[in-house]
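Quick notes on the structure that follows.
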Amino acid sequence: MDKMDKFDVLQKYFGYSGFREGQEALIDSILNGQDVLGIMPTGAGKSICYQVPALLLSGITLVVSPLISLMKDQVQALNQAGVHAAYINSSLSESQISKALRLAAGGQYKIIYVAPERLETHEFLAFAERVEISMLTVDEAHCISQWGQDFRPSYLKIVQFIYKLKNRPVISAFTATATENVKEDIICVLGLLRPYVLVTGFDRKNLYFAVETPRKKDKYVINYVKGHAAESGIIYCATRKNVDTLCETLRGEGIAVTKYHAGLTGEERKQNQEDFIYDHSPVMVATNAFGMGIDKSNVRYVIHYNMPQSLENYYQEAGRAGRDGEKAECILLYSAQDVVINRFLLDNKEQNAEYEEEEIAAVRERDEERLRAMTYYCMTTNCLREYILRYFGEKGSKDCGNCLNCIREFEEIDVTETARSIISCILEAKQRYGMNVIAGILAGDDRAKLREYGVFSYQSYASLKPMKEIEIKQIINDMIIGKLLFITNDKYALLKTSSEADEVLNGDRSVIFKKAKEEPEKADKVSGGKKGMGKTRRSDILNSRGLELFEQLRDLRTAIAREENLPPYIIFADKTLVDMCVRTPFDKKEMLKVIGVGENKYTRYGERFLDAIREYTGGVHEKFYFGEEGEI
Ligand code: ADP
Ligand code: ZN
């Protein structure tokens, strides 16, 4: 090959036969010398957008990235693909850094990852002056915005650095944060010149969403994890204590699990994180301290043992599932207790000492608002994906077909009478109480607090008995979503009626409640894959012989990963192994057609996988999958 183009690079180094949505346009702009800003959700494939042009441009590409672990992962993956890349950050010693820069100056590396702090150092500037820098890529570009939660002052150094360069390289910036403020900040602060801006949707089609309300969360988790043996997953808990206990429980069940939270020593955290990444312990139980910079692509499920504090947090954490584009599940285990835990966490949140009282109040209000939106997510009977997308300012379809609410059956119940009782109760209480008290009154609860409030003499007291409080709350939530009721935006969160509530009292409007049909022993069931092709995973297309081959290839991958001390998914992704089972290649030419097998990976591992396939099949072509070819 004399002159390679972007397709050659994609095939040769990454083993992919085509670009995904948006990738090509960004790459073309870069190659034309135009700055770009790519806003794409996690897992959309941002790295390819700068790695492919980096290999086609004449000089070096610098990639600024905030996280050391991310850099290491990316560089490992690139080296595996046969791309010369290196990283320079504080995990290296001074002499290692000098050596890396010397090699870089000698033209050893095409791509260099660098921490923003490093840009300012004398040594690095001297290096930058001596070499040709074709592109500067800013990964996680939202870190430059003071609007975002992740503002990093060191990102401002990037601007200084660009300014100091004799020749301005083309600049490409990438992020998954799409708010308008952040977008404008990136363009403006980084000084992008008439950039090509591409925003792809936030939807992660391969993720299945569910909210479950098991009576015993532990039992649910045990069953789920056992039902997904050999798969990698993360279980998020709200507190360190929850993490410790759940981890013990799962260990007691013989499950290979590890844990992560801020109470562990740095050494322990590092070790446990590696155990997870290298699949020694495929299951991770953790607080939200875990995950920044974790790029493990084969996480098949993320379970939230408790409801998080906001949808922002939830979508980010849940989004760590299925980065490889394969089907994955995001399950939130909800119980009313979760709201109490979160309130407590909010009440005890450390406020920024520099804030004025007003600002603290504003922050508090915002947090309350976020918590409420999160709680409604757990209550809604409508499409969960649509709910999330709408929250982030996007439109989704009302029936995604890949969330629990879209696939489960509901019965519609007329709850007009119940709704009337709820409204009457709120009015009788003079709109002075929150949801807990109102539901307690209606259920005829005998709590000391209610006695204190003197509500036992109310007409509405126990008027909905024998309904359970949780059932009443569900209907109240539905009424809030339907705008019959609302909650005040302060810390008291008082429940009030809207003007539309009158229509219900007057008999002009009925209220319909969608109730999920009870499924027997919910916890024992594996949630996804019930209906439609959309939810099946790639490995589901393999028949039993195919699955057996898949297991053998997976064992081979594990063995190689141990030999090379690399995470298995960096050797080959699951989808690559499945594609091998479908295509059953017997020679190099056929092997190179497998998705994710490029020239270099072939040279490294191709023969061993060919041998395994030949041995298993006895060299005879056999169909290892259901359905027609081309479905994968
Ligand atoms: P992001 O940085 O946007 O979160 P990554 O760059 O990590 O996403 O890519 C996610 C996954 O998608 C990786 O496994 C990557 O190899 C894969 N991928 C990216 N582009 C393509 C493509 N054109 N064809 C097939 N797989 C791709
Ligand atoms: Zn849905």
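Since the model is a prediction, treat every value here as computed from it, not as a measurement. Ligands are counted one by one from 1 in listed order, and the atoms in each one are counted from 1 as well.
Taking the six-membered ring where tryptophan is involved, the planes of Tyr113 and Tyr50 are perpendicular, since the angle between them exceeds 60° and thus also 30°.
Residue contact check: Ser47 has heavy atoms under 4.0 Å from atoms 2 (O), 5 (P), 6 (O), 7 (O) of ligand 1. The contact set between ligand 1 and Arg323, taken as ligand atoms under 4.0 Å from a residue heavy atom, comprises 1 (P), 2 (O), 4 (O), 7 (O), 10 (C), 11 (C). Every atom of ligand 1 is numbered from 1 in the order shown, and the set under 4.0 Å from a heavy atom of Ile48 is 19 (C), 20 (N).
Of the N or O atoms in Ser297, none lie within a sub-3.5 Å distance of an N or O in ligand 1. Considering backbone and side-chain N/O of Leu10, none are found under 3.5 Å from N/O of ligand 1.
Using a 3.5 Å distance cut-off with no hydrogens or angles, the side chains of Asn298 and Asp324 do not pair a donor with an acceptor. Using modelled atom types, one finds a donor on one side chain and an acceptor on the other under 3.5 Å when comparing Glu564 with Tyr605. Between the side chains of Tyr569 and Arg323, no donor-acceptor pair of N or O atoms lies under 3.5 Å. Side-chain N/O atoms of Tyr13 and Gln51 include no donor and acceptor closer than 3.5 Å.
Under a 4.0 Å N-O distance rule, the pair Glu312/Arg370 qualifies as a salt bridge. The pair Glu551-Arg554 counts as a salt bridge, with a side-chain nitrogen and a carboxylate oxygen less than 4.0 angstrom apart. Salt bridge Lys12/Glu599: absent, no basic N to carboxylate O contact under 4.0 Å.
Counting heavy-atom neighbours within 6.0 Å of Glu21 CD, excluding the residue itself, gives a total of 12 or less.
For the salt bridge (charged side-chain N to carboxylate O under 4.0 Å, His left out) with Lys296, the qualifying choice from Asp279, Asp574, Asp73 is Asp279, the only one to do so.
The closest approach between a heavy atom of Gly18 and any atom of ligand 1 is below 4.0 Å. Proximity of Ala44 to ligand 1 is established by a heavy-atom distance of less than 4.0 Å. At least one heavy atom of Lys575 sits less than 4.0 Å from an atom of ligand 1.
Protein heavy atom nearest atom 17 (C) of ligand 1, with residue, atom name and distance: Arg20 NH2, 3.5 Å. In this structure, atom 20 (N) of ligand 1 lies nearest to the protein heavy atom Gln23 NE2, 2.9 Å. Considering only non-hydrogen protein atoms, atom 9 (O) of ligand 1 sits nearest to Gly45 CA, 3.4 Å. Nearest protein neighbour of atom 1 (P) of ligand 1, counting heavy atoms only, is Gly43 N, 3.4 Å. Tyr16 CG, 3.4 Å is the protein heavy atom nearest to atom 24 (N) of ligand 1.
With contacts defined as side-chain heavy-atom distances shorter than 4.5 Å, the pair Tyr377/Tyr391 does not qualify.
Of the candidates Asp139, Thr175, Asn298, Asp324, Asp324 brings a heavy atom nearest to atom 14 (O) of ligand 1. For atom 3 (O) of ligand 1, the nearest non-hydrogen atom from the set Glu140, Lys46, Arg320 belongs to Lys46.
Computed with the Zn ion (ligand 2) at the centre, the Cys403 SG to Cys400 SG angle is 110°, stated to 10 degrees.
Residue contacts with ligand 1, taken as heavy atom pairs separated by less than 4.0 Å, involve Phe19 solely via the backbone atoms N, CA, C and O. Residue contacts with ligand 1, taken as heavy atom pairs separated by less than 4.0 Å, involve Pro41 solely via the backbone atoms N, CA, C and O. Neither the backbone nor the side chain of Met40 comes within contact range of ligand 1; no heavy atom lies under 4.0 Å.
In this structure, Lys514 satisfies the cation-pi test against Phe410, with its NZ or CZ atom closer than 6.0 Å to the six-membered ring centre and inside 45 degrees of the ring normal.
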